[in-house]
Chemist: 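Once you've had a glance at the structure underneath, I'll fire off some questions.
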Amino acid sequence: MKETESKHFIQEIVEDDIRSGKFQGRIHTRFPPEPNGYLHIGHAKSICLNFGLAAKYGGLTNLRFDDTNPVKEDTEYVDSIKEDVRWLGFNWDDREYYASDYFGKLYEYAVKLIEKGKAYVCDLSQEEMAQYRGTVIQPGKNSPYRDRSVDENLNLFQQMKNGVFPDGAKVLRAKIDMASPNMLLRDPILYRILHIEHHRTGNAWCIYPMYDFAHGQCDSIEKITHSICTLEFEVHRPLYDWLIRELEIYAPQQIEFARLNLTYTMMSKRKLLELVKGGFVSGWDDPRMPTICGLRRRGFTPESLRNFAEKVGVARRDNVIDISLLEFCLREDLNKRAMRVMGIMNPLKVTISNYPENQVEWMDAVNNPEDCAAGSRKIPFSKEIYIERDDFMEDPPKKYFRLFPGSEVRLRYAYFIKCEEVLKDPVTGEVIELRCSYDPASQGGNSPDGRKVKGTIHWVSVNHALQAEVRLYDRLFVKENPEDCEDCDDYKVNINPDSLKIQTCFIEPSVKEAAKLDKFQFERVGYFTVDYDSTPQKLVFNRTVTLKDSWSKIAGKD
RNA sequence: UGACCUAUGGUGUAAUGGCAGCACAGCAGAUUUUGGUUCUGUUAGUCCAGGUUCGAGUCCUAGUAGGUCAACCA
């Protein structure tokens, strides 16, 4: 009853800070993507963490684009990022910021550092700089330009800004310690020359700050309290703190957590791009992609993703989350909200021999047994129906309680039927049709004599069924770790060749008016959503996830 | 090879020196007009060795294993 909700370590830090008044009790986070690609489920964890934390403790969250490298960035990405964050259910009001908004301020900061003798302009080439930097086990050595005078540095830096030098000719470096065991502290580069148009500042600048010189200072300008990032930035923290200290400006606190990893899933932006470019998927929003837009098209709900982010937890150790947890969160949410509908994936024709020719009855069907408010609908029943091929076996194993010669099953919401005759193709021997009898007294699915049937199967009326394209998606990779390949170095050998199967399905007419991204449960089959490609003339459904299937386990054991 | 970080069932995450708990997955059963849902039960864990302590998953030391860092990327 009194579940004392357990807190993760960042919540503990925040609560301690609120108690001690560290930031006057404020909490202000930020989500800082670089607009150079599409957001994926790993970002979703970070988004939920940052926005969720602020919401929980009465704070605010900024959306800030870390656009300090014009080479890779584009407004196309900022638009998609905004759409995805909004879709996930988070709101940043008017707090939409860009690192590029602060280029002027950042330049002043750099000048201040030069004036304090803490930064210098360096002429070393990239190769030379790598040599001077040393290695993780060997200290580096000072650049010959390290002792330039403040005035010379000031002058040179201004010339860099004014476009006097070509790309790569000079950089601005912090003057810290070339022997530091932390490579990030060996006089890191603060500014580089890039004569490239920026998607927001155009050609106003030809020098651009590096991540390390931009990120912490932006956090500081925005009065961020807790700057949350992933573990690989841990070694940057001493530099983050050094810059803030030398600049003598407001100091946020950087906190690192372990990024999300998922079985059967790849998160690397570069490799995801490769999948798109190589045509292995149809695009960034292919329903097999772990991108937010891909998951959305697949049929995920924001609630399921938020709940997932909650369930995976926040900690500092590397983790690989089992994809089944994601599927659990998905089904849990879809079960509550998805309209039930009957659709036949692999049809087998059944003729009800004793049912009147040309008669049509409209059967009552519950829209969602988990939600009374969802109401009910009418489904047409007639002499000729389709059932699922899997729901008939001529020679069934034990515990098979669907249709077989002589058996009786319930047609959901309709009648009991009994299999009387099996028609086969004379050449191939394939079962092509079943002749069944129905019990008129069992209308609605119950027999007045109290007779029980073990199996209930779904069906559609042949003459009323709509034809729809269904896209059956499965995991993109066959290995838990897609990068794991023996005797090779290419994850692409692990791509699942059967990750997409396209079929026609026969579905009850009630879905005719379905709108894009509407969600359905095809009873006994799985959850489906209406794809963007769907039109009233040609319905297209994506399979989001199958239902749990305990029969296949039983059957598989024999 | 150096510095730093991390280590709890199959997976993830709690236990803040005092009963190792929760979720997913698995297994077994009950309910069911979805072999779905729901409900019940159940299997399974503190990396290793020392130390501190009345008491250690937790603190200390050493080891082992994994991760991060040597872009003018973020």
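Each chain gets a letter, A, B and so on, in the order the sequences are listed, and its residues count up from 1. These values consider heavy atoms only, across backbone and side chains, with no hydrogens, waters or symmetry-generated copies.
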Chemist: Taking B:rC59 as the reference, what is the distance to B:rA15 when you measure between their C1' atoms (whole Å, please)?
Modeler: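 To the nearest whole Å, 16 Å.
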
Chemist: So, OP1 or OP2 of B:rA71: does either fall under 4.0 Å of a side-chain N or O from A:R133?
Modeler: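 So the side-chain polar atoms of A:R133 do come within 4.0 Å of the phosphate oxygens OP1 or OP2 of B:rA71, strictly under.
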
Chemist: Checking contacts here: which listed nucleotide (B:rU34, B:rC72, B:rC69) is nearest the side-chain heavy atoms of A:V235?
Modeler: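 Nearest to the side-chain atoms of A:V235, counting from C-beta on, is B:rC69.
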
Chemist: How do A:I457 and A:K311 order along RNA chain B: which one's closest nucleotide is nearer the 5' end?
Modeler: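 It is A:K311, whose closest nucleotide lies nearer the 5' terminus.
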
Chemist: A:Y400 side chain: which of B:rC4, B:rG35, B:rA74 is closest?
Modeler: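 Of the candidates, B:rG35 comes closest.
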
Chemist: On the side chain of A:Q521, is there an atom forming a donor-acceptor pair with the base of B:rU34 - under 3.5 Å, no angle test?
Modeler: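 Counting by modelled atom types and ignoring angles, a donor-acceptor contact under 3.5 Å is found here.
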
Chemist: Less than 4.0 angstrom from a charged side-chain N to a carboxylate O is my criterion; do A:R237 and A:D212 meet it?
Modeler: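 No salt bridge links A:R237 with A:D212.
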
Chemist: At under 4.0 Å between heavy atoms, what does A:V136 touch on the DNA or RNA strands: base, sugar-phosphate, or nothing?
Modeler: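 Base contact.
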
Chemist: Heavy atoms under 4.0 Å, any strand shown: does A:K399 hit a base, just sugar-phosphate, or nothing?
Modeler: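 A:K399: base contact, heavy atoms under 4.0 Å.
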
Chemist: Could you give the distance separating B:rG67 and B:rG41 at their C1' atoms, to the nearest angstrom?
Modeler: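 To the nearest whole Å, 39 Å.
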
Chemist: Give a yes or no on whether a salt bridge exists between A:R337 and A:E303, defined as a side-chain N under 4.0 angstrom from a carboxylate O.
Modeler: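 Salt bridge present between A:R337 and A:E303.
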
Chemist: Using a heavy-atom cut-off of under 4.0 Å over every strand shown, decide if A:R410 touches base, sugar-phosphate, or nothing.
Modeler: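 Base contact - A:R410 has a heavy atom under 4.0 Å of at least one base atom.
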
Chemist: When all nucleic acid strands are considered with a 4.0 Å heavy-atom cut-off, which category describes A:H236: base, sugar-phosphate, or nothing?
Modeler: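 Answer is base: heavy atoms of A:H236 come under 4.0 Å of a base.
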
Chemist: Whole angstroms only, please: what is the CG-C1' distance between A:L194 and B:rA74?
Modeler: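 The distance from CG of A:L194 to C1' of B:rA74 comes to 14 Å, rounded to the nearest Å.
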
Chemist: Which nucleotide, if any, forms a Watson-Crick or G-U wobble pair with B:rC4, using both distances under 3.5 Å?
Modeler: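 B:rC4 is paired, partner B:rG67.
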
Chemist: Go through B:rG35, B:rC72, B:rG67 for me and flag the one nearest to the A:I189 side chain.
Modeler: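 Among the listed nucleotides, the one closest to the side chain of A:I189 is B:rC72.
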
Chemist: Looking at B:rC73, I'd like to know if its phosphate oxygens (OP1 or OP2) sit under 4.0 Å from a side-chain N or O belonging to A:K269.
Modeler: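 It does not, given that no N or O in the side chain of A:K269 lies less than 4.0 Å from OP1 or OP2 of B:rC73.
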
Chemist: When the ring planes of A:F103 and A:Y208 are compared, do they come out parallel, tilted or perpendicular, using 30° and 60° as the limits?
Modeler: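 Plane angle over 60°, so perpendicular.
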
Chemist: Assess the residue pair A:K269 and A:N36 against the criterion (side chain to side chain donor-acceptor pair (under 3.5 Å)); give the C-alpha distance rounded to whole Å, side-chain angles, the decisive distance to 0.1 Å, and a yes or no.
Modeler: CA-CA 9 Å; A:K269 245 182 209 176; A:N36 70 342; 2.6 Å; yes

Chemist: So what does A:T135 hit on the nucleic acid, given a heavy-atom distance under 4.0 Å: a base, only sugar-phosphate, or nothing?
Modeler: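 Result for A:T135 = base.
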
Chemist: What nucleic acid atoms does A:S180 come within less than 4.0 Å of, heavy atoms only: base, sugar-phosphate, or nothing?
Modeler: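 No contact.
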
Chemist: Could you measure between the two P atoms, the one in B:rG66 and the one in B:rG12, and give it in whole Å?
Modeler: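 Roughly 16 Å separates the two P atoms.
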
Chemist: State which of B:rA25, B:rC69, B:rA23 makes the closest approach to the side chain of A:M183.
Modeler: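 Of all the options, the side chain of A:M183 is nearest to B:rC69.
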
Chemist: Given B:rU34, B:rA71, B:rG36, identify the nucleotide with an atom nearest to the side chain of A:S550.
Modeler: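 Shortest atom-to-atom distance from the side chain points to B:rG36.
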
Chemist: When you measure from every atom of RNA chain B, which of residues 363-378 of chain A have a heavy atom less than 4.0 Å away?
Modeler: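 Contacting residues: A:P369, A:E370.
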
Chemist: Decide, yes or no, whether a salt bridge links A:R377 with A:D364 under the criterion of side-chain N to carboxylate O below 4.0 Å.
Modeler: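 Judged by the 4.0 Å cut-off on N to carboxylate O distance, A:R377 and A:D364 do not form a salt bridge.
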
Chemist: Considering only side-chain heavy atoms of A:I137, which listed nucleotide, B:rG2, B:rG67, B:rA14, is closest?
Modeler: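 Per side-chain heavy atoms of A:I137, the pick is B:rG2.
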
Chemist: Taking atom P in both B:rG36 and B:rA28, what distance in whole Å separates the two?
Modeler: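 Rounded to whole Å, the distance is 13 Å.
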
Chemist: What does A:V314 touch in the nucleic acid at a heavy-atom separation under 4.0 angstrom: a base, only the sugar-phosphate, or nothing?
Modeler: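 The residue A:V314 makes sugar-phosphate contact but no base contact.
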
Chemist: Please tell me which of the listed nucleotides, B:rU1, B:rU34, B:rC5, lies nearest to the side chain of A:E523?
Modeler: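 Taking heavy atoms from C-beta onward, the closest nucleotide is B:rU34.
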
Chemist: Can you figure out which of B:rU11, B:rG36, B:rC5 approaches the side chain of A:L547 most closely?
Modeler: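 Nearest to the side-chain atoms of A:L547, counting from C-beta on, is B:rG36.
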
Chemist: In this structure, is the centre-to-centre distance between the rings of A:F520 and A:F528 below 6.0 Å?
Modeler: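 No, the ring centres sit 6.0 Å or more apart.
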
Chemist: Taking CG from A:L325 and P from B:rG9, how many angstroms apart are they, rounded to a whole number?
Modeler: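 Checked: the CG to P distance equals 17 Å.
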
Chemist: State the syn/anti category of B:rA71 according to its glycosidic angle, syn meaning within 90° of 0.
Modeler: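 B:rA71: syn glycosidic orientation.
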
Chemist: Side-chain donor or acceptor of A:R340 under 3.5 Å from a matching atom on the base of B:rU34?
Modeler: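 When only heavy-atom distances are counted, A:R340 does reach the base of B:rU34 through a donor-acceptor pair under 3.5 Å.
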
Chemist: Does B:rU46 pair with anything, Watson-Crick or G-U wobble, both distances under 3.5 Å, and if so, with which nucleotide?
Modeler: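 Pairing partner: none.
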
Chemist: Just grab all the salt bridge (Lys or Arg N to Asp or Glu O under 4.0 Å) pairs involving residues 185-198 of chain A, residues at least two apart or on different chains.
Modeler: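 Of all non-adjacent pairs touching residues 185-198 of chain A, those that pass salt bridge (Lys or Arg N to Asp or Glu O under 4.0 Å) are A:R146-A:D187.
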
Chemist: Have a look at A:L124 and say if it touches a base, only the backbone sugar-phosphate, or nothing, with a 4.0 Å heavy-atom cut-off.
Modeler: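 Since a base atom lies under 4.0 Å of A:L124, the category is base.
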
Chemist: Has the side chain of A:R402 got a donor or acceptor that lies under 3.5 Å from a partner of the other kind on the base of B:rG35?
Modeler: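 When only heavy-atom distances are counted, A:R402 does reach the base of B:rG35 through a donor-acceptor pair under 3.5 Å.
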
Chemist: C1' atom, B:rA49 versus B:rA44: distance in rounded Å?
Modeler: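 Pairwise C1' distance, B:rA49 against B:rA44, rounds to 26 Å.
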
Chemist: Looking at every strand, decide which applies to A:Y191 at a 4.0 Å heavy-atom threshold: base, sugar-phosphate, or nothing.
Modeler: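 Here A:Y191 touches no strand at all.
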
Chemist: What nucleotide among B:rG12, B:rC4, B:rA25 has an atom nearest to a side-chain atom of A:K548?
Modeler: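 Nearest listed nucleotide: B:rA25.
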
Chemist: Side chains of A:L190 and A:M210: closer than 4.5 Å at any heavy-atom pair?
Modeler: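 A:L190 does not reach A:M210 side chain to side chain.
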
Chemist: For the C1' atoms, the ones on B:rA23 and on B:rA62, what distance do you get once it is rounded to whole angstrom?
Modeler: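 My reading of the C1' atoms in B:rA23 and B:rA62 gives 36 Å.
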
Chemist: Would you say A:R412 reaches B:rG35's phosphate, i.e. side-chain N/O to OP1/OP2 under 4.0 Å?
Modeler: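 Result: no.
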
Chemist: Indicate, with a heavy-atom threshold strictly under 4.0 Å, whether A:D167 touches base, sugar-phosphate, or nothing.
Modeler: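 Contact class for A:D167: none.
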
Chemist: Using the P atom as the reference point in each nucleotide, state the distance between B:rA56 and B:rC48 in Å, no decimals.
Modeler: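 Looking at atom P only, B:rA56 and B:rC48 are 15 Å apart.
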
Chemist: Check this for me, if you would: do A:D439 and A:R451 make a salt bridge, where the nitrogen-to-carboxylate-oxygen distance has to be below 4.0 angstrom?
Modeler: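 Here A:D439 pairs with A:R451 in a salt bridge, since their nearest N and O are under 4.0 Å apart.
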
Chemist: When we call it a touch if two heavy atoms are under 4.0 Å apart, what does A:F233 touch: a base, just sugar-phosphate, or nothing?
Modeler: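 A:F233: base contact, heavy atoms under 4.0 Å.
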
Chemist: List the steps, then state whether side chain to side chain donor-acceptor pair (under 3.5 Å) holds for A:T230 with A:R259.
Modeler: CA-CA 6 Å; A:T230 46; A:R259 66 173 343 130; 4.6 Å; no

Chemist: Would you measure the distance from the C1' atom in B:rG45 across to the matching atom in B:rA7 and give it in whole Å?
Modeler: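 My reading of the C1' atoms in B:rG45 and B:rA7 gives 13 Å.
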
Chemist: State, to 0.1 Å, how close A:M267 and A:P290 come at their nearest heavy-atom pair, and which atoms those are.
Modeler: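 Smallest interatomic distance, heavy atoms only, reads SD-CB, 4.4 Å.
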
Chemist: Counting any heavy atom closer than 4.0 Å, what does A:V320 reach on the DNA or RNA strands: base, sugar-phosphate only, or nothing?
Modeler: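 The answer is sugar-phosphate, as A:V320 gets under 4.0 Å only of primed atoms, P, OP1 or OP2.
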
Chemist: If each of A:I321 and A:F522 is mapped to the nucleotide of RNA chain B with the nearest heavy atom, which maps nearer the 5' terminus, i.e. the 5' end?
Modeler: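 Its nearest nucleotide lies further toward 5', so the answer is A:I321.
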
Chemist: How close or far is atom C1' of B:rC72 from atom CG of A:L184, stated in whole angstroms?
Modeler: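 After rounding, the reported distance stands at 14 Å.
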
Chemist: Whole angstroms only, please: what is the NZ-C1' distance between A:K161 and B:rC72?
Modeler: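 Those two atoms, NZ and C1', are 20 Å apart.
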
Chemist: Are A:K454 and A:E408 close enough for a salt bridge, meaning some N to O gap below 4.0 Å?
Modeler: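 A salt bridge is absent here (no side-chain N lies under 4.0 Å from a carboxylate O).
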
Chemist: So A:M210, base contact, sugar-phosphate only, or nothing? Heavy-atom distance under 4.0 Å.
Modeler: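 Sugar-phosphate: the residue A:M210, judged by heavy atoms under 4.0 Å, touches backbone atoms but no base.
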
Chemist: Between A:R524 and B:rU37, is there a contact of a side-chain N or O with OP1 or OP2 at under 4.0 Å?
Modeler: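 No, no such contact exists.
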
Chemist: Using a 4.0 Å heavy-atom cut-off, does A:N69 contact any base of the nucleic acid, only the sugar-phosphate backbone, or nothing at all?
Modeler: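 Sugar-phosphate, backbone atoms only, no base.
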
Chemist: Can you identify which nucleotide, out of B:rC24, B:rC72, B:rG12, has its nearest atom closest to the A:Q126 side chain?
Modeler: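 From the listed options, B:rC72 comes nearest.
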
